[in-house]
Amino acid sequence: MNRIFSGMQPTSQLHLGNYLGALRNWVALQDQYECIFCAVDLHAITVPQDPEKLRRSTREIIAAYIAAGVDPERCVLFAQSGVSGHSELGWILSCHTPLGWLNRMTQFKEKAGKHRDNAGLGLYGYPVLMAADILLYKATHVPVGEDQKQHLELARDIAGAFNRAYGKETFPLPEPLILGEATRVMSLRDGSKKMSKSDESDYSRINMTDDPDTIALKIRKAKTDPEPLPGALVELETRPEADNLVTIYAALAGESRAETLSRFAGQQFSAFKVALVEVAVARLAPINAEMNRLLGDIGELDRIMRRGAERAGEIAAKNLAEVHDLIGLLRP
Ligand code: AMP
Ligand code: TRP
């Protein structure tokens with residue numbers, strides 16, 4: 001059986017990178033797989049959080065999943081902290097993970113910055129908890145953006161190490177699904193940096209909750225170069241900002257980058273940006289409206305999360321019992 005698990009951190013608003021790199025693919029995959037989608041609030045607290053904001057962001061992210069087209073009837077939607085098995089398996093897996101593996105993780109190095117000794121143990125162990133999220137459900141496939149590839153490889157290594165330690169294929173090795181034209185959306189201000197929640201400039205990203213005027217303004221202000229759009233993809237290789245805008249357009253319009261170029265070759269960015277605003281607003285405005293509607297009924301969102309946590313909890317309990325038995329943890 002094929003099962004999907006994926007999650008996003010409820011840290012602040014979702015942006016276009018989250019949508020094109022991950023969420024949009026989830027919507028397409030729910031027809032072929034059994035899907036479990038989580039708001040990974042325990043990952044969010046690896047850096048300081050405000051309790052009120054965390055509560056709000058957790059509901060917002062679940063609303064965003066549904067507004068983008070994830071069906072709460074077919075998919076399991078919940079907050080990670082609602083199933084205690086994530087923390088428990090996280091601990092067990094940390095006892096099977098050599099420090100050397102964690103020392104290779106580039107995201108920790110980026111997030112911890114220069115003062116690594118001040119970074120929390122949770123931030124360091126973040127990828128082990130992520131492995132636990134996936135393995136707790138014996139998920140076979142994990143749709144994510146390109147930046148999570150290294151964490152996924154670690155999850156596979158941990159699953160393999162656990163299986164070998166107890167001589168049983170307990171966990172399937174989870175496959176990353178990195179899909180679509182825009183697996184790594186870059187900042188609108190700097191084509192060498194990824195679009196991210198943590199960038200201090202709001203002009204670097206398009207948030208899922210931006211209104212049409214804000215989207216238009218951000219795209220108009222997006223960095224480009226003075227050349228018109230080229231005719232061939234290879235010519236974008238040395239033009240990161242142009243490449244990013246073409247990629248975003250293609251992904252939003254549901255076509256390949258080559259198709260986008262063939263339509264806009266030779267045109268100035270001023271004209272291309274008008275078309276980009278149009279397709280961005282057409283895609284994002286309905287999602288935004290639906291998100292706001294859903295957030296008007298917090299009771300219903302909480303019910304969806306409670307039901308999701310119950311369904312997830314049943315699968316988790318069964319798999320954890322198997323893990324306990326293998327390790328020799330008594331359940332008298
Ligand atoms: P996060 O916001 O870090 O929890 O990421 C949630 C999902 O969005 C993950 O699958 C990421 O790989 C994906 N993602 C985040 N930023 C980007 C980006 N700039 N481009 C493509 N995918 C992204
Ligand atoms: N680390 C992921 C991110 O920052 C979020 C995440 C946590 C996740 N657990 C996961 C993604 C399990 C996929 C599967 O984007």
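Below, each value reflects all heavy atoms present in this structure, side chains not excepted, and no hydrogens, waters or symmetry copies. Indexing begins at 1, ligand by ligand and atom by atom, following the structure's order.
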Give me the nearest non-hydrogen protein atom to atom 20 (N) of ligand 1 as residue plus atom name, then the distance to 0.1 Å.
Val185 N, 2.8 Å

Considering non-hydrogen atoms of the protein only, which is the closest contact for atom 2 (C) of ligand 2, and what is the distance?
Gln148 OE1, 3.4 Å

Is any NZ, NE, NH1 or NH2 atom of the basic residue among Lys194 and Glu110 found under 4.0 Å from an Asp or Glu carboxylate oxygen of the other?
no

Whether Asp71 and Arg74 form a salt bridge (side-chain N of Lys/Arg under 4.0 Å from carboxylate O of Asp/Glu) is what I want to check.
yes

Give me the residue, atom name and distance of the protein heavy atom closest to atom 4 (O) of ligand 2.
Tyr126 OH, 2.8 Å

Among Thr183, Leu14, Leu23, which residue places a heavy atom closest to atom 21 (C) of ligand 1?
Thr183

In terms of atom number and element, which parts of ligand 2 are under 4.0 angstrom from non-hydrogen atoms of Val144?
11 (C), 13 (C)

With a 3.5 Å distance limit and no angle check, can you tell me whether Arg331 reaches the backbone of Asp325 through a side-chain donor-acceptor pair?
no

Of all protein heavy atoms, the one nearest atom 22 (N) of ligand 1 is Gly17 O, 3.2 Å

Counting both backbone and side chain atoms, is some N or O of His151 under 3.5 Å from an N or O of ligand 2?
no

Protein contact of atom 12 (C) of ligand 2 - nearest heavy atom, named by residue and atom, plus distance
Phe5 CE2, 3.5 Å

Quick check: does any side chain N or O of Glu181 sit under 3.5 Å from a backbone N or O of Thr247, one acting as donor and the other as acceptor?
no

Closest protein heavy atom (residue, atom, distance) for atom 9 (N) of ligand 2
Asp133 OD2, 2.6 Å

To the nearest 0.1 Å, how far is atom 15 (C) of ligand 1 from its closest protein heavy atom, and which atom is that?
Asn18 ND2, 3.2 Å

Does the residue Met186 have a heavy-atom contact with ligand 1, meaning some pair of atoms that are separated by less than 4.0 Å?
no

What atoms in ligand 2 come closer than 4.0 Å to a heavy atom of Val40?
7 (C), 9 (N)

Just jot down the ligand 2 atoms closer than 4.0 angstrom to any heavy atom of Gly7, in number order.
5 (C), 6 (C), 8 (C), 11 (C), 13 (C)

Check Lys149 with Glu146, please: is the shortest side-chain N to carboxylate O separation under 4.0 Å?
no

Distance filter under 4.0 Å to Val142 heavy atoms, resulting ligand 2 atoms:
13 (C), 14 (C)

I need the atoms of ligand 1 closer than 4.0 Å to a non-hydrogen atom of Lys194, numbered in the order shown.
19 (N)

Suppose I only count heavy atoms of Gln9 and a 4.0 Å limit; which atoms of ligand 2 are within that range?
4 (O)

Could you walk me through whether Arg239 and Thr224 satisfy the side-chain contact (heavy atoms from CB on, under 4.5 Å) test, starting with their C-alpha distance in whole Å, then the side-chain angles of each, then the deciding distance to 0.1 Å, before giving a yes or no?
CA-CA 8 Å; Arg239 300 171 62 184; Thr224 44; over 6 Å; no

Does the side-chain contact (heavy atoms from CB on, under 4.5 Å) test come out yes or no for His43 and Thr11, once each step is laid out?
CA-CA 9 Å; His43 279 101; Thr11 32; over 6 Å; no

Are any of the side-chain nitrogens in Arg205 or Asp210 under 4.0 Å away from the carboxylate oxygens of its partner?
no

